[in-house]
Engineer: 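Before we start, here is the structure in question, set down as structure tokens.
Both counts, for ligands and for their atoms, begin at 1 and track the order of listing.
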Amino acid sequence: MIYENAKLIKKTKLKENVFSIILSCKGIEKKATPGQFANILIEGFTLRRPFSICEIEKNQISIVFNVKGKGTKKMASWQEGKNVNIIAPLGKGFAPLKKKEKILLVGGGIGLAPLLCLCKKEHNITTLAGFNSRKDIILKKEFEKFGDFLVCTKDGSLGEKGLVTDYVKKYVEKYGITRIASCGPNPMLEKVLKIAKEEKIFCEISLEERMACGIGACLCCQHILNENSNKKIVHVCKDGPVFKFSP
Ligand SMILES: Cc1cc2nc3c(=O)[nH]c(=O)nc-3n(C[C@H](O)[C@H](O)[C@H](O)COP(=O)(O)OP(=O)(O)OC[C@H]3O[C@@H](n4cnc5c(N)ncnc54)[C@H](O)[C@@H]3O)c2cc1C
Ligand code: FES
């Protein structure tokens, strides 16, 4: 659905070059599910920019974004009260959580944001978050409301030293994990998926590809998925961004 005038209700600077924005979108809570995304029009650019929905509330969604290039730099300059043109919700999200599942959320950097949407108090949630350094940590307080928040940093400045993928197996065993949901850079996701397959755990990954239309029309977001020994061509905006793998 197009929201031509989604009002920017609140903008928060979380870190240098990382912002959270809340947009007012009437009735969106009835349509959006965790893991779906919004395609946002930025003045001066023809192509919309895709962003995962971080939180869904009544009549509003939040998005957390990194300033990466010209479009996100412009977004960072937006002021509260601005009307934003967005198409949302788009794509396929995560499957609903079941009460008995023990879920491990594995997030790399800004990839942590869409996983927050999955968190509900009644579920058993552990989060494993990887950042380059302690100065990059985001959303700690938000995730801690739902369970253990385990951190690792590339430079070892906080938590365990290394990449999240170095610790997935350890925490799968420690917490008796039965399901994994992950978002971050694609090479990280490939490793998470490999571990999930070895451990025979249901796993969902939220992939990123460069997008244009966001609705399956231009075919520019093609991705080759390795399903067991078969290669499958998918379009991330329409078939994903969340892809499911059963053991
Ligand atoms: C499904 C999905 C969800 C995403 N969720 C988030 C999020 O929650 N937070 C966040 O910070 N970023 C997210 N991204 C990445 C975000 O879309 C890019 O960082 C953003 O488009 C960069 O725009 P730019 O104009 O600043 O950069 P530029 O590099 O100037 O953009 C040039 C073009 O490349 C495209 N592009 C550049 N990087 C990416 C990328 N990584 N993925 C897709 N297209 C890209 C832009 O859309 C634009 O068309 C997501 C991407 C996808 C596909
Ligand atoms: S972005 Fe156009 S088909 Fe996916």
Engineer: Take atom 4 (Fe) of ligand 2 as the centre and count protein N, O or S atoms at distances under 2.8 Å.
Structural biologist: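 Counting protein N, O and S atoms closer than 2.8 Å to atom 4 (Fe) of ligand 2 gives 2.
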
Engineer: Taking the six-membered ring of Phe131 as reference, does the cationic atom of Lys154 (NZ for Lys, CZ for Arg) lie under 6.0 Å from its centre and within 45° of its axis?
Structural biologist: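 No, Lys154 does not sit over the ring of Phe131.
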
Engineer: Considering all heavy atoms of both residues, which atom of Ile180 and which atom of Val168 are nearest to each other, and what is their separation?
Structural biologist: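 Answer, listing the atom of Ile180 first, then Val168: CD1-CG1, 4.1 Å.
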
Engineer: Grab the two heavy atoms, one from Ala38 and one from Ile61, that are nearest each other, plus how far apart they are.
Structural biologist: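 Minimum heavy-atom separation between Ala38 and Ile61: CB-CD1, 4.5 Å.
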
Engineer: Mind listing the closest non-hydrogen atom pair of Val192 and Cys203 along with its distance?
Structural biologist: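 Distance-wise, the nearest heavy atoms are CG1-SG, 4.3 Å.
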
Engineer: For the side chain to side chain contact (heavy atoms under 4.5 Å, CB included) test, which of Ile53, Ile87, Leu90 pairs with Phe37?
Structural biologist: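 Of the listed options, the one satisfying the test is Leu90.
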
Engineer: For atom 9 (N) of ligand 1, what's the nearest protein heavy atom and its distance?
Structural biologist: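 Ranking protein heavy atoms by distance from atom 9 (N) of ligand 1, first comes Val64 O, 2.9 Å.
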
Engineer: Do protein heavy atoms approach atom 18 (C) of ligand 1 to less than 4.0 Å?
Structural biologist: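 No, there is no protein heavy atom closer to it than 4.0 Å.
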
Engineer: Would you kindly specify which portion of Ala113 sits under 4.0 Å from ligand 1, judged on non-hydrogen atoms: side chain, backbone, both or neither?
Structural biologist: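 For Ala113, there is no contact with ligand 1 at all, from either part.
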
Engineer: Looking at Leu105, Val106, Leu115, which one forms a side chain to side chain contact (heavy atoms under 4.5 Å, CB included) with Ser182?
Structural biologist: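 Among Leu105, Val106, Leu115, the one meeting side chain to side chain contact (heavy atoms under 4.5 Å, CB included) with Ser182 is Val106.
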
Engineer: Between the main-chain N or O of Lys197 and the side-chain N or O of Glu199, is there a donor-acceptor pair closer than 3.5 Å?
Structural biologist: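 Not confirmed, Glu199 side chain does not pair with Lys197 backbone.
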
Engineer: Who's the nearest protein heavy-atom neighbour of atom 42 (N) of ligand 1, and how far?
Structural biologist: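 Its nearest protein heavy-atom neighbour is Glu208 OE1, 3.5 Å.
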
Engineer: Considering only the protein, which heavy-atom contact is closest to atom 34 (O) of ligand 1, and what is its distance?
Structural biologist: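 I find the closest protein heavy atom is Arg210 NH1, 2.5 Å.
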
Engineer: With heavy-atom distances below 4.0 Å as the criterion, list the atoms of ligand 1 near Thr72.
Structural biologist: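 Numbered from 1, ligand 1 contributes 24 (P), 25 (O), 26 (O).
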
Engineer: For atom 47 (O) of ligand 1, grab the closest protein heavy atom and report residue, atom and distance to one decimal in Å.
Structural biologist: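 The closest one turns out to be Arg49 CD, 3.6 Å.
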
Engineer: Have a look at Phe45, Phe65, Phe51 and point out the one with the heavy atom closest to atom 13 (C) of ligand 1.
Structural biologist: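 Shortest heavy-atom distance from atom 13 (C) of ligand 1: Phe51.
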
Engineer: Return the minimal non-hydrogen interatomic distance between Leu14 and Leu139, and the atom names on each side.
Structural biologist: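 Scanning both residues completely, I find the closest heavy atoms to be CD1-CD2, 4.3 Å.
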
Engineer: Give me the residue, atom name and distance of the protein heavy atom closest to atom 53 (C) of ligand 1.
Structural biologist: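 Closest protein heavy atom to atom 53 (C) of ligand 1: Glu209 O, 3.2 Å.
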
Engineer: Do me a favour and list the nearest non-hydrogen protein atom to atom 3 (C) of ligand 1 with residue, atom name and distance?
Structural biologist: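 Checked against all protein heavy atoms, atom 3 (C) of ligand 1 sits closest to Ser52 OG, 3.3 Å.
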
Engineer: What residue and heavy atom of the protein are closest to atom 11 (O) of ligand 1, and at what distance?
Structural biologist: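 Looking at atom 11 (O) of ligand 1, the protein heavy atom closest to it is Asn66 N, 2.8 Å.
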
Engineer: Starting from the C-alpha separation in whole Å, work towards a yes-or-no answer on side chain to side chain donor-acceptor pair (under 3.5 Å) for Tyr175 and Asp148.
Structural biologist: CA-CA 10 Å; Tyr175 287 86; Asp148 286 355; 2.6 Å; yes

Engineer: If you count the atoms of ligand 1 from 1 in the order shown, which ones are under 4.0 Å from a heavy atom of Met211?
Structural biologist: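 Going through ligand 1 atom by atom, the ones under 4.0 Å from Met211 are 1 (C), 44 (N), 53 (C).
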
Engineer: Give the residue and atom name of whichever protein heavy atom lies nearest to atom 39 (C) of ligand 1, and the separation in Å to one decimal.
Structural biologist: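 Protein heavy atom at minimum distance: Lys68 NZ, 3.7 Å.
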
Engineer: Output the list of atoms in ligand 1 that are nearer than 4.0 Å to some heavy atom of Lys70, sorted by atom number.
Structural biologist: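 This gives 25 (O), 26 (O), 30 (O) as the contact atoms.
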
Engineer: Can you tell me if Lys15 has over 12 outside heavy atoms packed within less than 6.0 Å of its NZ?
Structural biologist: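 For Lys15, atom NZ is crowded (more than 12 foreign heavy atoms under 6.0 Å).
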
Engineer: Counting only heavy atoms from other residues, nucleotides and ligands, does the tally under 6.0 Å from NZ of Lys73 exceed 12?
Structural biologist: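 Not buried by this count: 12 neighbours or fewer within 6.0 Å.
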
Engineer: Can a salt bridge be assigned to the pair Lys194 and Glu198 using a cut-off of 4.0 Å between side-chain N and carboxylate O?
Structural biologist: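 Yes, Lys194 and Glu198 are salt-bridged.
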
Engineer: Give the contacting part of Lys73 toward ligand 1: side chain, backbone, both or neither, where contact means a heavy-atom distance below 4.0 Å.
Structural biologist: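 Near ligand 1, Lys73 shows nothing, with every heavy atom at 4.0 Å or more.
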
Engineer: Quick check: does any side chain N or O of Glu101 sit under 3.5 Å from a backbone N or O of Lys98, one acting as donor and the other as acceptor?
Structural biologist: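 Looks like yes, one N/O pair under 3.5 Å.
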
Engineer: Using a 4.0 Å cut-off to any heavy atom of Ile110, which atoms of ligand 1 qualify?
Structural biologist: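 Answer, ordered by atom number: 9 (N), 10 (C), 11 (O).
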
Engineer: Assess Pro50 for proximity to ligand 1: is some non-hydrogen atom of it under 4.0 Å away?
Structural biologist: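 The answer is yes, since Pro50 has a heavy atom less than 4.0 Å from ligand 1.
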
Engineer: Do other residues, nucleotides or ligands put more than 12 heavy atoms under 6.0 Å from Lys161 NZ?
Structural biologist: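 Count not over threshold, so no.
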
